[in-house]
Amino acid sequence: MEKVKVLVVDDESRMRKLVKDFLTREGYIVLEAGDGMEAMDIFYEDKEIALIILDVMMPKMDGWQVLREIREHSKVPVIMLTARSEERDELQGFDLGVDEYISKPFSPKILVARVEAILRRTKGIEASDVIDAGGIMIDKAAHIVKIDDKAIDLSYKEFELLTYFVENQGIALSREKILNNVWNYDYFGDARTIDTHVKKLRSKLGDKGEYIKTIWGMGYKFEVEA
């Protein structure tokens, strides 16, 4: 495997070591930060970081502050770690642009699997893959979405979700199927994840958000108006 850099940000040295050991075993280069300010210093210095694993509760700068600042400069995938699993925390994370959300305690093997799933999707994109549907243009190589030739700003997960919808036009997709294909793992049937992303995606698509139809009691279907 090509050496990929992952930044692990957590004020608990034991937690950083646990995550680092598992990722290093899989061939990743792991950078460490013990607080938010140190994380931002490393982020600005190293432009080759492919993914960030970020704890919420930290001194100096908490995870939410770090995530906000990162999103001002980059769409690098972020996996958020937290000791709390309340709904409002999860929704706040998705609103700020987090890509995955894992509550402590967690299985390091599951964490590694999620890291690999995200990186597979970002690196497995064909350079010439451009999709056009009803005035929505998706350039999978450049990770750009344009509506009527005007670029719109989507998070990594919103981009993946829109791409999946467009590639499955006219097909009714259950929430479970969307989770398995876009998140690439069993999210224990938590539909809030999809519904939150769909709501934000519709808003960003403007009038074309109407292409994403709700199939009540099941999921969604992407259908371009005639």
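All residue numbers refer to positions in the sequence shown, counting from 1.
Between Ala50 and Val4 the shortest heavy-atom distance is CB-CG1, 3.4 Å. Shortest non-hydrogen contact noted between Leu54 and Gly63 is CD2-O, 3.4 Å. The shortest non-hydrogen separation linking Gly134 to Val224 is CA-CG1, 3.7 Å. Arg202 approaches Ile212 most closely through the heavy-atom pair NH2-O, 2.7 Å. Scanning all heavy atoms of the two residues, the minimum distance from Gly36 to Val66 falls at CA-CG2, 3.5 Å.
Rounding to the nearest 0.5 angstrom, the gap separating the CD atom in Glu12 from the CE atom in Met58 is 11.5 Å. To the nearest 0.5 Å, atoms OH (Tyr211) and CD (Gln169) are separated by 9.5 Å. Summarising the geometry, atom CD belonging to Glu158 is positioned 8.0 Å from atom CG belonging to Asp153; distances are rounded to the nearest 0.5 Å. Note that CD1 of Ile131 and CD of Glu167 are 4.0 Å apart. Values are rounded to the nearest 0.5 Å. Considering CG of Leu154 and CD of Glu160, their distance stands at 11.0 Å, rounded to 0.5 Å. From Leu31, atom CG reaches atom CZ of Arg16 across 12.0 Å, with rounding to the nearest 0.5 Å.
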field: Verdict with supporting geometry, Ile70 and Met40, side-chain contact (heavy atoms from CB on, under 4.5 Å)
entry: CA-CA 8 Å; Ile70 287 172; Met40 292 313 305; 4.0 Å; yes

- request: Could you please spell out the steps behind the side-chain contact (heavy atoms from CB on, under 4.5 Å) verdict for Tyr44 and His73?
  value: CA-CA 9 Å; Tyr44 288 127; His73 305 278; 3.3 Å; yes

task: Determine, step by step, whether Lys221 and Ile171 satisfy the side-chain contact (heavy atoms from CB on, under 4.5 Å) criterion, reporting the C-alpha distance in whole Å, the side-chain angles of both residues, the deciding distance to 0.1 Å, and the verdict.
output: CA-CA 6 Å; Lys221 177 168 65 173; Ile171 299 173; 5.8 Å; no

field: Evaluation steps, side-chain contact (heavy atoms from CB on, under 4.5 Å), between Asp55 and Val9
entry: CA-CA 6 Å; Asp55 187 36; Val9 188; 5.8 Å; no

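Side-chain atoms of Ser107 come within 3.5 Å of backbone N or O of Lys109 as a donor-acceptor pair. Put simply, the side chain of Gln65 gets close to the backbone of Asp62: a donor and an acceptor are under 3.5 Å apart. Counting only distance, with no hydrogens or angles, the side chain of Asp46 and the backbone of Ile42 share no donor-acceptor pair below 3.5 Å.
With hydrophobic clusters built from ILVMFWY side chains whose heavy atoms lie under 4.5 angstrom apart, Leu161 does not share a cluster with Ile144. Linking ILVMFWY residues whenever their side-chain heavy atoms come closer than 4.5 Å, directly or via other members, leaves Ile110 and Phe22 in distinct clusters. Residue Met218 is not grouped with residue Ile194 when hydrophobic side chains (ILVMFWY) are merged at heavy-atom distances under 4.5 angstrom, including chains of intermediate members.
Within 6.0 Å of atom CE in Met37, 12 or fewer heavy atoms from other residues, nucleotides or ligands are found, so the atom counts as exposed in its surroundings. Around atom CD of Glu38, more than 12 heavy atoms belonging to other residues, nucleotides or ligands sit under 6.0 Å away. Heavy atoms of other residues, nucleotides or ligands lying less than 6.0 angstrom from NZ of Lys177 number 12 at most.
Taking a cutoff of 4.0 Å between a charged side-chain nitrogen and a carboxylate oxygen, Lys17 and Glu32 do not qualify as a salt bridge. Salt bridge annotation for Asp99-Arg71: present, with a cationic side-chain nitrogen under 4.0 angstrom from a carboxylate oxygen. Salt-bridge check for Arg114 with Glu100: failed, with every basic side-chain N at 4.0 Å or more from each acidic carboxylate O.
By the 4.5 Å heavy-atom criterion applied to side chains, Ile29 and Val6 are not counted as neighbours. The shortest side-chain heavy-atom distance between Tyr28 and Leu51 does not fall under the 4.5 Å cut-off. Residues Lys140 and Thr163 meet the side-chain proximity criterion, which asks for heavy atoms closer than 4.5 Å. With a 4.5 Å cut-off on side-chain heavy atoms, Leu111 and Ile53 count as touching. Between Asp35 and Asp11 there is no side-chain heavy-atom pair separated by less than 4.5 Å. Within the 4.5 Å cutoff, no side-chain heavy atoms of Asp132 are placed close to those of Val130. Looking at Met137 and Asp139, their side chains come closer than 4.5 Å, going by heavy atoms from C-beta outward. A 4.5 Å side-chain heavy-atom check between Val182 and Lys157 finds at least one atom pair inside the cut-off.
Using the six-membered ring where Trp is involved, His143 and Tyr156 have ring planes that are parallel, under 30° apart on the 30 and 60° scheme. Between Phe222 and Phe165, the ring-plane angle classifies as parallel under the 30° and 60° cut-offs.
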Enumerate donor-acceptor pairs with a distance under 3.5 Å from any side-chain N or O in residues 145-152 to protein atoms, sequence neighbours excluded.
none

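In this structure, a donor-acceptor pair under 3.5 Å is absent between the side chains of Asn168 and Tyr220.
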